[in-house]
Amino acid sequence: MSPAVPVGRTPVGRTLAVAATATALLATALGTHLATAAALTGKVLVIGVDGAVLDRVRAADAPHLKGLMAQGLTARSTLYASPMAATSSGPGWSTVATGVWPDRHGVKDNSFIGKNYAAHPDFLTRIENARPTLNTYAAADWEPITSTDQNGPIFSAKVDKRLSLKGDRDGYRNEDPKIAAAAAAELRDRNPDAAFVYLGEIDAAGHSHGAASQQYLDAVGRVDALVGQLLTAVRNRPTYGQENWKILVTTDHGHVPSGGHGGSTLAERSTFVIAKGAGIPAGSVRDDVKLSDVAATVLAQVGVSTAGLDGVPLGAPDADPFDTVRPALRGRVDETGIPADVKGFTHTPPAGWSVDNSRMGTGGVTEWAGWAFATDEFWTQSQRDQWRELNVRSRDVFAVADSDEWDDKAHTGTFDSTLVTPKWPVTGGSTRTLAFRTHYRHEAGQTAQVLVSYNGAAPAVVKTYTADALAKAESLNLQVPAGATDVQVRFRYSGDNNWFWTVDDVRLG
């Protein structure tokens with residue numbers, strides 16, 4: 001472990017046979033590639049670029065960042081908003097570092113009041129705790145990341161080597177190159193197993209000139225050159241051929257076009273993860289990645305447990321059936337606040353699932369007439385600042401029942417809709433676990449129930465929500481009765497201009 005230093009066009013049959021052979025060859029090649037990578041020394045570099053907007057990165061002269069996208073994964077992601085946390089750097093980098101959301105790590109804004117890093121340490125500290133022989137490194141010119149001032153550090157003193165410089169809106173252009181030079185020397189000439197390097201100039205340009213400005217694009221270009229410096233340092237390591245490097249680039253929040261962040265607009269809540277390494281297909285795009293996945297990916301890369309994190313490693317894509325309806329997503333019908341080009345809702349359920357609207361009133365807002373399947377980008381823009389943005393534990397497409405938004409257009413009757421799962425096989429006398437992620441905002445007059453039915457019998461209630469269950473991972477034990485061979489689950493929500501309920505990633509364990 002390094003000593004610590006101060007804070008531094010054919011017949012169908014033939015076609016299918018050829019396709020099968022090609023698939024088998026691809027699988028074999030991929031398996032060989034992954035097996036080879038597994039035999040190498042796992043190392044990881046995370047580059048944090050503050051306040052970077054993905055669309056502006058794409059518009060900028062940024063060959064190194066665009067190269068990483070072409071060679072690996074690009075994944076958009078969205079954040080929370082108040083009251084969970086502001087879209088500011090303290091909560092953003094704390095989420096990146098700890099792999100948990102602000103309702104757990106405790107950082108709600110840049111005051112860091114309520115921080116709980118003791119229970120939810122940064123990924124470098126987790127590495128030190130689990131595998132102290134590994135070398136860890138962090139460098140930043142935003143002081144709370146690596147310094148020991150009253151707000152930080154986000155990356156603790158357990159990290160083997162830390163570099164901390166003081167940047168500000170005028171200084172990041174001067175300090176970022178120093179951070180990059182020092183980190184490049186560390187990456188090239190020494191032996192870090194896991195490293196985090198922060199660069200702040202893009203955020204400063206956003207504040208001073210706005211994300212829509214040429215100055216912002218220029219800042220992206222300068223930071224991209226520094227990213228290139230870091231990538232070159234990794235490639236120039238004498239032992240690079242014996243190493244399995246994973247490179248991740250991410251940001252902590254977005255910016256409005258005129259500059260600034262902290263609020264609940266999609267521009268402020270927008271982040272991304274770019275990743276390159278073994279097992280990550282070149283030019284791939286995913287919609288199920290979250291900011292909390294960065295820490296989990298780092299830990300998995302160096303063989304440290306990810307238990308207890310909200311994030312999951314990038315090598316473990318979400319298998320949620322709701323995500324299969326993404327090709328069916330459509331644009332707005334009655335909603336006016338959602339941009340017309342955003343395709344983000346459907347009433348078509350995934351295969352095997354159904355929606356029972358036999359009790360639903362008629363009329364209302366089309367998008368929300370009974371259970372719908374939607375994305376965060378679509379749903380949260382229907383009405384901001386009513387806690388929809390807190391649904392951070394749902395990924396990609398999720399199911400949503402929203403009586404509040406449905407009520408915004410004339411209707412008869414009330415909202416009463418039931419989401420129904422396929423029938424799943426069970427064994428009589430066994431115990432099964434029903435797991436799902438939920439985001440429920442309660443108000444008197446609405447009902448949210450989970451019901452189960454065995455072998456087609458009348459559904460029985462196993463869970464009733466009588467209080468808020470915000471961004472929660474739910475787990476219910478089901479006692480399967482003797483003789484039962486299948487179970488079907490229903491999620492029934494009723495209300496009349498009340499709030500909402502989302503369900504995602506429903507699994508029978």
Are [X] and [Y] within salt-bridge range, i.e. N to O under 4.0 Å?
X	Y	value
K166	E175	no
D287	R326	yes
D103	R393	yes
R437	E474	no

> Which word best sums up how the rings of W368 and F345 line up, parallel for under 30°, tilted for 30 to 60°, or perpendicular for over 60°?
Replying inline: tilted

Could you tell me which residues satisfy side-chain contact (heavy atoms from CB on, under 4.5 Å) with [X], sequence neighbours excluded, listed by chain and number?
X	result
P339	D341, V342, Q381
Q386	Q383, R388, D404, R441, W499
R384	S264, T265, E389
Q301	V44, N244, K246

>> Show me the pairs that pass ring-ring contact (aromatic ring centres under 6.0 Å, His included) and involve residues 288-331, at least two apart or across chains.
In response: F322-W353, F322-F373

>> With ring-ring contact (aromatic ring centres under 6.0 Å, His included) as the rule and sequence neighbours excluded, what pairs involving residues 381-402 come up?
In response: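 Matches after skipping sequence neighbours: W379-F398.
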
> So do the side chains of T78 and T271 get within less than 4.5 Å of each other, counting heavy atoms only?
Replying inline: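 With C-beta onward as the side chain, the pair stays apart.
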
> Picking from W142, F112, F196, what satisfies ring pair (Phe, Tyr, Trp, His ring centres under 6.0 Å) with W93?
Replying inline: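 Single pass found, and it is F196.
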
> Regarding K43 and N191, is there a side-chain donor-to-acceptor distance under 3.5 Å anywhere?
Replying inline: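 Per modelled atom types, K43 and N191 side chains form a pair under 3.5 Å.
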
> Excluding sequence neighbours, so at least two apart, what forms side chain to side chain donor-acceptor pair (under 3.5 Å) with W101?
Replying inline: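 Side chain to side chain donor-acceptor pair (under 3.5 Å) check on W101 returns nothing, list empty.
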
> With sequence neighbours excluded, what pairs up with H120 under the ring pair (Phe, Tyr, Trp, His ring centres under 6.0 Å) test?
Replying inline: none

Taking only residues two or more places apart in sequence or in another chain, which ones pass salt bridge (charged side-chain N to carboxylate O under 4.0 Å, His left out) with [X]?
X	result
R104	D310
D334	K409
K343	none
R56	none

>> If the test is side chain to side chain contact (heavy atoms under 4.5 Å, CB included), which one of T251, T250, D293, V273 qualifies with V96?
In response: T250

> So among V53, L79, L291, which one has a side chain to side chain contact (heavy atoms under 4.5 Å, CB included) with H253?
Replying inline: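 The option that passes is L79.
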
> Centroid-to-centroid, F123 to F155, below 6.0 Å?
Replying inline: yes

